[in-house]
Every structure is written in structure tokens, then in C-alpha cells.
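Below is one structure, written out as C-alpha cells; the observations come after it.
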Amino acid sequence: MDNGEVARVLREIGLLLELSGENPFKARAYVTGARVIEDLSRPVAELVGAGRVKELKGIGDALARKLHELSTTGRLAFHESLRAAVPSGLLEVAAVRGLGASKVRALWRGLGVASLEDLARACREGRVAALTGFGEKSQANILAALQELERFQGFTILPTALAEASRLAAVVRAAPGVQAVEVAGEVRRARERARTIEVLAAAPAASFAGALDAFANARGVQTVTSRTGDHAAVTLVGGLSAALRIVTPERFGAGLLFATGSRGHLAALTARAAARGLSLDPGGLSQAGDGGDDVPPGGSEEEIYAALGLSFVPPECREGNGEVDLAAAGAFPRLVERADLRGLLHFHTTWSDGRNTLREMLAAAAERGFSYAGVCDHSRTSSYAGGLSIDRVRAQRQEIAALQAEFSGLRIMQGIESDILPDGSLDYPEAVLAEFDFIVASVHSQFSMSREAMTARVIRAVENPRTTILGHPTGRLLLQREGYAMDMEAVLRAAARAGTIIELNANPRRLDVDWRHGGLLRDLGARVAINPDAHDVAGIDDLSYGLLMARKALLPAALVINTLEPEAWLRR
DNA sequence: GCCGTTTTCGGCCCGACTGTTTTCAGTCG
Ligand SMILES: [Zn+2]
């Protein structure tokens, strides 16, 4: 059992205890224990083996015993008995936004609600509103949250989609006779949320059936929803869909192009082909009518783009947003790449709610070849996240000065992720704000303002000359929470006017600003910062998702400030 | 259930909002 699995069990015990009506502080002790285990840099089993797990702050006698049982047997009787006493569907009910353990318990004990279906029915029948502690509004809010949950059902975020896709691709690749396999569809296009994993394979016709069998029998396949001679569609445990198409090798290039899409991109390509007297279909590119083939059988994607007089369009850019016109005009932007990034900005440390120390984060930055790093812990109003008091801001500055001597090749800057307060102001007095090298300003509270009020609030923040970067502009959490209502275009215009940089937060739950605003950002010439918002060392590598989104937005690398030296973007 | 030490019980991250209640519990970030 790795630390993540152990932590998950402890966290679930915490929830189950609360649902059982246990002392909430006892429940919290398990959640705290889960966090302690998550933050370990070594396997918890090692500490258990050495009898040292009790030395961890937050782990006492009881948790130490349970960790011992868990890491030696892989099971925990206490956990299993709790699970037996609480309907398993309640765990899903507790994940509904607005419902915590106490409310779920009330619904369970008062109305017999034991699943999401029960809850929806109870709401529709008006029974929730009649329950003490609830009312018409709570009932309506619960129904809305359930609908939101339903909308998110069957989708996943990019890292999971990529992992599942490459796992399934590997299964197919291992099947006899298979010569090539690629992930296609929306996953290859790096959509920020995905529903279907599409895989394309090339094999001689005699090998089709075997490859389809391998796919249909892959681990995690729940049901096979359709099956033909060259195609299989399945649903996966967890609700995602997946599909495999197999073509003979000479059709692989065009097949991949069509399987990748998007529809809009393909429409632009086929229109361009037609304008040149060509015809493009999944079989390849050919002379319209009876001519010979322009692209020989077996033509790759690259060859097809070239035959259409286009530079290669990377898969993540194929959204039908004018990328074909740009490529045709020879104006396709020079997109940002990992090696372009010189600056690592907006990461958290143990000074606030990060899991690694400042030194550890800086060492990771240096190891990854960054030439400058700007730490941005939380500001004082985010007290739940350990936001920095003015004294701690200054103490951190001293540590930075000391650490700078240790990291000669890395310029260390002190930023802050300042809350944007409800009135649009920043979170410290002017004299303190002036001491930071730069400021990322983000909304972390009062999400449910009116659209007008939120727009005014954020515009005031981006117009503040102390604001360097607007952090995660919409506040969305993909598949968990919609962004707050706000006139994004007005905000982006105001930011561009004020010279405030827009963050492209690379956390795969955020990927915010949305790539769909790329056209406006380009038109405005607005500068963008790709920031990992990392809370630990591993989080730094979320930058890869941010890079994909910046490319998807067709942003020229020159607009991405992390590619520049600080002097090019710091306010003076 | 953990922690600290005022050594063995009492408090546990904190402030604001929402919807319920009629003075506050629950949820969220
Ligand atoms: Zn933030």
C-alpha cells in the first residue's frame, strides 16, 4: 500500500466517523493523519517497520496501531466495520456541494437517504424542504448541485485521460500483428476535460480481431457497447468511454488525422483540399475525380499537411479556431515549449499551505533548469491556508536572502498570491505591497457575487498598479465547480490596458484562463504567465498541462512572460 | 483521537456567508 492509498483510507474513516455521528474532532484526527501521511517523502511502511510512525506530529497510539495493521495486512478491520455500518452511497452524497457530513447524516437518519438517487427523489418529492435544518432554498440548491454533478458525470480531467489513454494504447500495442498505435480524439487534442478515449491502431486485416479482443478485455473495461470488424467501443469503470479503431497500415496517417479531429479543423482542411482540386477523406488525400493520388498510400499526417500547402498543425491546436488559416498564411505562431520557460512563478511552500519547504522548492526549480523563481504563498486573509501576516512576509524575505547565497544560478524573487478582497483591493497596506517583487492577485472568497459586482471587483484589482498578474481568472475547478460569473472580456481588456499579465494556471483542475480566450488575448497583445500554482515539488511539473493550453490558445511564445527575463515584465 | 503541559483535561486553523432559525449550525476556501 502506498502513502496515497493509506491516506485515502484514513480520510474515508474520518468521513465515516462523522457520518456515524462520532465526535467531529476524532474524525478530524483521521483527516489530519491522512494529510501527514500524504506529506511524507518516504513510504509510511518504512516508518511503521522501524516503529517510528508515532514520532509524526498528528499520529498517536491509535493511529499508529491502525497504520501498522494497514501496512502489514493491507486491510483495516476498523475501516471495514465502519463501512459496513454506513451505506456506501452516502459517501457520494457527502461529495455533493453544499452537503457536509452533518447534513448528510440528517438526510440519512431523517429521510432514509442512502444514495444520490434517494436524495434526488427526496428533493423532487419536497421531503427535504420539510426536514428540520433544511428549507425550500436548501432543497433547490441540492437539486442544482445534483444536476451539476450529473453534467460532470462521465468526464475526467487531462492527466487521468492521458494516463488511461496511454494504458489502453499499450494494451493494443502488445497485441500480435499491431504495427502502430496512437491516442487520437479529444485526448490527443489535449482537451482540458475528456469523455471518450479514442485509440487508433494499424495492423494487417488478419490481426484486427485479436487486437479488438485485447482492447475489449483490457483491465478497467466494464462493458463492450459495440463491436464491428474494425471498431470496438467500451465503457470503463468510472464512467469514461473508450474506443479502438483499426485500419490497415497504409490508411494510418489519414485515419489518425480524422480520428483526431476536431470536426471544425477537418472541415477547414477538406475545404482547403477542395479549393486545390483535391479530396480528403479517412482513406487519404487524392485528386478529386479520377486523377492519381497526390499523397501516396501510407501518407503520414505531416505529408498530408504538406500536400495541402500547410505547415504541420500540432494536435492540441486542431480546434477549428483559425489555425488552418494561420498555417496557410505562413503566420502560424511560434508556440511555447518547455525549454523556453526560464521563470517558475506562483508556487506555495510550507510558509503557507505548501507541502515542501522553500529550500526544497527552489532546489527543484534549479534542478529543472529555471533561471529565476518567484515564490507566491497565500496572503493574510486566506488564514485557513496559512496566509502570511506582515511579520511573516518579512521573515520569509530574510529566508530568501539567506537562501539566495545557496542558489547562485537561480534568482529568487518574493511574490505573494494576494487575495482580491470583496471591494477589489489587495490584501496588505500599500507600503507592504510595495515590498514584493511582484504580486499575483486572485479571488478566493465570495464567489457568489453578481456578475456586475464581480467584474467591477476584478477590474479594480487588475487596474491596481501593484497587481502584476491576475491569478486563475475564473476560479473554476474543472468538473467540480464552475467559475464565478464575470464579464471575462471586459476583465481581459482592462488587464491589457493596465499592462497586467493574465495567468494561465497550469493546475489540471484549473487550466485557467481558458484557452478559448486565446484569440482575444492575441488580439489584445495581452501577456500571459504559465504558472504551476504548485503546492509541492511534483506540482511544478503540472506546467506541461499549462504549456499544452497555451499552445492550444495559439499564443505566440513571446507573449508568455515565463520565457522572458524578469526585467521584461516586472513593474517598477 | 491528538496535543501540550496550566502535566491528564480542554481545546482542536479561522472568518464569512447562507439558510435556517430566532441566535446559530454548517459549509467553504
Ligand atoms: Zn489561488
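In the text below, chain A, chain B and the rest are named by the order of the sequence lines, each starting its count at 1. Hydrogens, waters and symmetry mates are skipped; everything else that's a heavy atom, side chains included, is used.
- Taking 4.5 Å as the limit, every side-chain heavy atom of A:Lys66 sits out of range of all side-chain heavy atoms of A:His79.
- A salt bridge links A:Arg191 to A:Glu319: at least one charged side-chain nitrogen sits closer than 4.0 Å to a carboxylate oxygen.
- Counting only heavy atoms from C-beta on, A:Lys57 has its side chain closest to B:dG4 among B:dG4, B:dC2, B:dG26.
- Rounded to an integer number of Å, the gap from CG of A:Asp427 to C1' of B:dC14 is 14 Å.
- Atoms CG (A:Leu63) and C1' (B:dC2) sit 9 Å apart, rounded to a whole Å.
- Across B:dC2 and B:dC13, the matching C1' atoms stand 15 Å from one another, rounded to whole Å.
- Atom-to-atom, CG of A:Leu99 to P of B:dC28 comes out at 8 Å; the value is rounded to the nearest Å.
- Note on A:Tyr30: a side-chain N or O is less than 4.0 Å away from OP1 or OP2 of B:dG1.
- Of the charged side-chain nitrogens involved, none lies within less than 4.0 Å of a carboxylate oxygen, so that A:Arg394 and A:Asp391 do not count as a salt-bridged pair.
- Spacing of P atoms, B:dT7 relative to B:dT18, comes out at 44 Å, to the nearest Å.
- Among A:Met488, A:Glu192, A:Lys552, the single residue meeting the side chain to side chain contact (heavy atoms under 4.5 Å, CB included) criterion with A:Arg516 is A:Glu192.
- Two residues are said to be in side-chain contact when any heavy atoms from C-beta on lie closer than 4.5 Å; A:His346 and A:Ile469 fail this criterion.
- When heavy atoms are screened at a 4.0 angstrom cut-off, A:Leu131 is found touching no nucleic acid atom at all.
- With 3.5 Å as the limit, one finds a donor-acceptor pair spanning the side chains of A:Glu417 and A:His444.
- The CG-C1' distance, from A:Asn141 to B:dG26, rounds to 13 Å in whole Å.
- Atom CG of A:Leu17 and atom P of B:dG1 are 8 Å apart (whole Å).
- Heavy-atom nearest nucleotides on DNA chain B were determined for A:Ile59 and for A:Val443, and the one closer to the 5' end corresponds to A:Ile59.
- Under 4.0 angstrom from either OP1 or OP2 of B:dG19 there lies no side-chain N or O belonging to A:Lys103.
- At whole-Å resolution of the value, CZ in A:Arg11 and C1' in B:dG1 are 16 Å apart.
- With both ends at atom P, the span from B:dA25 to B:dC12 equals 15 Å, rounded to whole Å.
- The CD1 atom of A:Ile142 sits 13 Å away from the C1' atom of B:dT18 (whole-angstrom rounding).
- Nucleic acid contact for A:Asp61: sugar-phosphate only, since backbone atoms but no base atoms lie under 4.0 Å from a heavy atom of the residue.
- Remark: the separation of the C1' atoms in B:dT21 and B:dG26 is 13 Å, to the nearest Å.
- OP1 or OP2 of B:dG29 lies within a sub-4.0 Å distance of a side-chain N or O belonging to A:Arg481.
- Ring geometry for A:Tyr484 versus A:Phe447: interplanar angle under 30°, hence parallel rather than tilted (30 to 60°).
- Comparing B:dG4 with B:dT8, their P atoms are spaced 15 Å from each other, to the whole Å.
- When heavy atoms are screened at a 4.0 angstrom cut-off, A:Ser445 is found touching no nucleic acid atom at all.
- Nucleotide B:dG1 forms a pair with B:dC12, judged by Watson-Crick or G-U wobble geometry with both contacts under 3.5 Å.
- A:Ser448 comes within 4.0 angstrom of sugar-phosphate atoms only, judged by non-hydrogen atoms across all strands, and of no base.
- Between B:dC17 and B:dT5, the distance separating the two C1' atoms is 37 Å to the nearest Å.
- Between A:Ser138 and B:dT20 there is a side-chain N or O to OP1 or OP2 distance below 4.0 Å.
- Between B:dT20 and B:dT27, the distance separating the two C1' atoms is 13 Å to the nearest Å.
- In this structure, A:Ala101 reaches the sugar-phosphate backbone alone: every heavy-atom distance under 4.0 Å involves primed, P, OP1 or OP2 atoms, never a base.
- Considering only the side chain of A:Lys137, B:dT20 comes nearest among B:dT20, B:dC12, B:dG29.
- Nearest to the side-chain atoms of A:Arg97 among the listed nucleotides B:dC28, B:dG1, B:dG4 stands B:dC28.
- For A:Arg476 and B:dG29, the CZ to P distance is 16 Å, given to the nearest whole Å.
- Comparing B:dG29, B:dG26, B:dC13 against the side chain of A:Arg28 picks out B:dC13 as the nearest.
- When each of A:Thr132 and A:Lys26 is assigned the nucleotide of DNA chain B bearing its nearest heavy atom, the one mapping closer to the 5' terminus is A:Lys26.
- Among the protein residues, A:Arg65 comes within range of no part of the nucleic acid, since none of its heavy atoms lies under 4.0 Å from any strand.
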*asked:* Evaluate A:Asp437 against A:Gln414 for side-chain hydrogen bond (donor to acceptor under 3.5 Å, both in side chains), listing each step before the verdict.
replied: CA-CA 5 Å; A:Asp437 291 314; A:Gln414 185 183 37; over 6 Å; no

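- In the set B:dC17, B:dC13, B:dG1, B:dC17 carries the atom at the smallest distance from any side-chain atom of A:Gln446.
- Comparing the C1' positions of B:dT6 and B:dA16 gives an interatomic distance of 33 Å, to the nearest angstrom.
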